[in-house]
Amino acid sequence: MQYQKKEINLNEILLAMKNATEEGISLVKKAHDFAKEVHKDQKRFSGEPYFNHLIATAYNLAQLGMGGTTIAAGFLHDCMEDVDVKAETIEREFGKEILFLVEGVTKLGKIRYKGAERYNESLRKLFIATSKDIRVLIIKLADRLHNISTLQYVRPEKQVRIATETLQIYAPIAYRLGIRKLSRLLEDLSFPFVYPEESKKIKHLLKEKRKETEHSLEKFQRSLHKALAENKYSNAKIDHRVKSLYSLWLKLNKKDGDIEKIYDITALRIIVPTISDCYQVLGIIHGVWRPLPGRIKDYIAFPKPNGYQSLHTTIFTGDGTIVEIQIKTDEMYKDSEYGIASHITYKEGKLNVHGIKNSFEWIKYLLPKKTNGGEEKSSGRTPQWINELVEYQNHTSDNEDYAEDLKGDFLKERIFVFTPKGDVVDLPTDSTPIDFAYNIHSDIGDKAVGAKINGKYTTLSTKLKNGDIVEITTRSNEKPNLKWLDFTKTAIAQRHIRNYYNLPPRKKRKNND
Ligand code: MN
């Protein structure tokens with residue numbers, strides 16, 4: 001994954017495309033030329049051509065293993081919003097699927113982070129519901145990666161907003177989709193803008209620690225290689241990953257700021273072909289070096305709730321240093337770094353998420369996976385709405401039905417609006433300010449006299465649209481109006497109004513909220 005490289009050219013993108021088809025390559029070439037032409041007069045804040053942003057986004061997508069269609073959409077993702085290319089033009093030149101992706105990314109771009117941490121889960125939900133197709137979300141992540149890596153050219157107030165949004169919304173989504181490589185980059189690039197002092201401190205701390213351990217780590221890596229080679233594992237790949245600054249900071253906060261208590265700042269990774277090799281290698285290591293008690297973890301037999309698999313051990317190297325070692329197969333490695341992105345394959349140009357039968361099932365990816373025992377290990381941190389989606393799926397026997405229902409009920413027929421403070425409220429399509437008011441509190445509904453949508457006064461029967469900011473005016477002596485029953489969509493609003501006048505509940509009404 002690249003993010004600071006200055007010049008990327010088309011050829012590098014084509015080279016990065018794995019299993020590229022003729023069709024995919026020509027699509028990417030065409031999108032490249034098209035984007036270069038339509039954005040030719042546009043500049044970035046840095047003064048460089050706008051096109052640099054598009055080629056960087058496309059390159060990020062190629063590195064994530066995406067196919068021609070998604071990479072082409074990456075080239076085109078800003079052309080509707082920024083240079084006013086018409087939907088018809090995109091459809092004519094690139095087809096329906098690419099238009100769908102570009103429109104999805106454009107829509108997603110309109111959702112803004114509005115502050116307050118307690119609303120973040122709703123905002124992540126909104127992102128996911130708006131995306132509909134996993135590729136839309138991945139394009140948006142690739143787009144954000146380039147934006148955050150060029151954030152120094154943006155106005156300071158905007159820097160903080162974009163970096164906070166990245167840290168609170170985008171990075172956790174990338175993490176939940178298992179694309180750790182991306183979530184780490186997003187975190188480390190936003191961290192200094194959101195927490196300048198803390199990030200400086202951590203950077204310094206890490207540098208000191210590295211100076212201290214670098215030499216002995218290199219020495220250890222050589223002896224490790226030797227020990228493995230003596231046991232017929234001369235082909236094992238050994239590398240190391242350094243903990244991201246942001247996650248180090250989070251962990252330090254949990255360990256009273258004592259860096260000596262954190263053993264996985266640098267972890268050595270050993271990659272071998274099979275699972276049985278993993279256990280063999282663990283045996284070899286423990287035969288030579290003494291492991292730290294209580295730190296041997298078998299995440300192969302017992303995967304983490306997010307599906308992560310690996311063997312972990314922490315050993316004394318013999319010269320006073322302690323080092324964490326992770327042993328995994330190539331497949332486990334790819335899965336842990338690229339997550340869902342590594343499962344998207346393209347057969348005959350068609351999207352096919354491995355083991356996923358329809359284009360909506362990727363939502364399941366947001367769930368904790370079943371462990372080998374068949375029992376679901378809950379981290380206790382799975383958000384309620386994700387559980388609801390799965391519940392929903394469990395009640396529908398047929399996958400086709402599930403996709404249809406999800407498209408209908410959860411995704412298409414819902415809209416998401418904001419309170420002035422940034423809280424997200426989701427409602428059925430065609431809901432009005434009255435539905436919104438009762439959704440916040442029955443008292444606000446009962447006493448509503450007027451509404452502002454996006455700062456402008458409007459009637460209480462106005463249909464709300466995705467992304468509207470809604471404000472309700474109340475008066476203390478007011479009561480609900482029976483006419484409201486004609487234009488409220490939610491059962492909660494209907495119920496409160498009827499209750500107020502002691503009307504019996506309407507029997508056959510479909511429960512909409
Ligand atoms: Mn963009």
Side-chain angles (χ1 to χ4, degrees), residues 1-2 180-181 184-185 188 202-252 254-255 257-304 308-338 342:
M1 207 83 233
Q2 283 281 359
R180 267 161 243 246
K181 200 140 197 155
R184 277 203 300 273
L185 282 174
D188 277 358
I202 296 287
K203 240 178 230 163
H204 179 74
L205 205 61
L206 194 63
K207 213 170 132 196
E208 290 296 299
K209 186 82 188 166
R210 275 238 195 96
K211 243 192 269 166
E212 206 182 292
T213 54
E214 206 166 30
H215 178 69
S216 86
L217 206 66
E218 273 168 23
K219 211 176 100 197
F220 172 70
Q221 201 165 327
R222 279 195 299 273
S223 354
L224 179 64
H225 194 83
K226 204 172 143 227
L228 292 180
E230 277 164 9
N231 290 278
K232 296 181 225 138
Y233 281 103
S234 52
N235 288 334
K237 278 178 266 172
I238 305 174
D239 70 351
H240 64 278
R241 69 111 188 86
V242 181
K243 205 171 183 61
S244 84
L245 291 174
Y246 181 66
S247 63
L248 179 59
W249 178 62
L250 292 180
K251 198 156 188 177
L252 264 177
K254 275 191 225 152
K255 303 266 176 185
D258 186 359
I259 196 158
E260 300 305 324
K261 285 185 193 155
I262 301 178
Y263 302 125
D264 65 344
I265 294 177
T266 311
L268 283 179
R269 275 189 302 225
I270 304 176
I271 296 158
V272 288
T274 68
I275 288 178
S276 107
D277 292 331
C278 292
Y279 290 104
Q280 293 276 352
V281 164
L282 182 72
I284 295 164
I285 291 168
H286 285 176
V288 181
W289 293 277
R290 195 157 64 84
L292 199 64
R295 304 267 314 171
I296 305 159
K297 307 265 169 65
D298 186 347
Y299 295 122
I300 292 179
F302 303 101
K304 285 190 187 179
Y308 176 83
Q309 287 193 297
S310 181
L311 297 176
H312 286 191
T313 183
T314 303
I315 54 122
F316 297 96
T317 63
D319 66 359
T321 17
I322 287 170
V323 74
E324 180 177 298
I325 301 175
Q326 307 176 346
I327 309 161
K328 53 190 93 184
T329 64
D330 201 42
E331 208 190 328
M332 290 172 195
Y333 169 72
K334 278 195 196 120
D335 206 47
S336 71
E337 291 293 292
Y338 293 99
S342 68

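Note that the structure is predicted; figures quoted are calculated from it, not measured.
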For the pair T313 and W289, evaluate side chain to side chain contact (heavy atoms under 4.5 Å, CB included) and give the outcome as yes or no after the intermediate values.
CA-CA 11 Å; T313 183; W289 293 277; over 6 Å; no
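- Using a 4.5 Å heavy-atom cutoff, the side chains of Y299 and Q326 are not in contact.
- Closest heavy-atom contact between N231 and A227: ND2-O, 2.8 Å.
- Considering CG of D188 and OG of S247, their distance stands at 7.0 Å, rounded to 0.5 Å.
- R290 CZ to I315 CD1: the interatomic distance, rounded to the nearest 0.5 Å, is 10.5 Å.
- In this structure a side-chain-to-backbone donor-acceptor pair under 3.5 Å is missing from R269 to D239.
- Identified under the side-chain hydrogen bond (donor to acceptor under 3.5 Å, both in side chains) test for residues 215-227, with sequence neighbours left out: S216-T321.
- Here the shortest heavy-atom pairing between A236 and I270 reads CB-CG2, 4.0 Å.
- With salt bridges taken as basic N to acidic carboxylate O contacts below 4.0 Å, one links D330 and K237.
- Looking only at side-chain heavy atoms (C-beta outward), F220 and L268 come within less than 4.5 Å of each other.
- Of all heavy-atom pairs between K328 and Y333, the closest is CD-CA, 3.9 Å.
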For I285 and I327, run side chain to side chain contact (heavy atoms under 4.5 Å, CB included): C-alpha distance rounded to whole Å, both residues' side-chain angles, the deciding distance at 0.1 Å, then the answer.
CA-CA 11 Å; I285 291 168; I327 309 161; 4.1 Å; yes
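- For the residue pair P273 and D277, the shortest heavy atom distance occurs at CD-OD2, 3.3 Å.
- Between the CG atom of L217 and the CG atom of D319 there is a distance of 9.5 Å, given to the nearest 0.5 Å.
- Electrostatic pairing of E331 and K334 does not count as a salt bridge here, judged by no charged N lying under 4.0 Å from a carboxylate O.
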Do R295 and H312 pass the side chain to side chain contact (heavy atoms under 4.5 Å, CB included) test, and can you show the C-alpha distance, the side-chain angles, and the key distance before you say yes or no?
CA-CA 7 Å; R295 304 267 314 171; H312 286 191; over 6 Å; no
Audit row: E324, H240, side chain to side chain contact (heavy atoms under 4.5 Å, CB included) steps and yes/no:
CA-CA 10 Å; E324 180 177 298; H240 64 278; over 6 Å; no
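- Side-chain contact between L205 and L252 is present, with at least one heavy-atom pair separated by less than 4.5 Å.
- For the pair I296 and H286, the tightest heavy-atom approach, listed with the atom from each and the gap, is CD1-CE1, 3.8 Å.
- Counting heavy atoms of neighbouring residues, nucleotides and ligands inside a 6.0 Å radius, atom NZ of K243 exceeds 12 of them.
- Between I238 and L228 the shortest side-chain heavy-atom distance falls below 4.5 Å.
- Closest approach of S310 and M332 over heavy atoms only: N-SD, 4.4 Å.
- Classified by interplanar angle (parallel below 30°, tilted 30° to 60°, perpendicular above 60°), the ring pair W249/Y246 is tilted.
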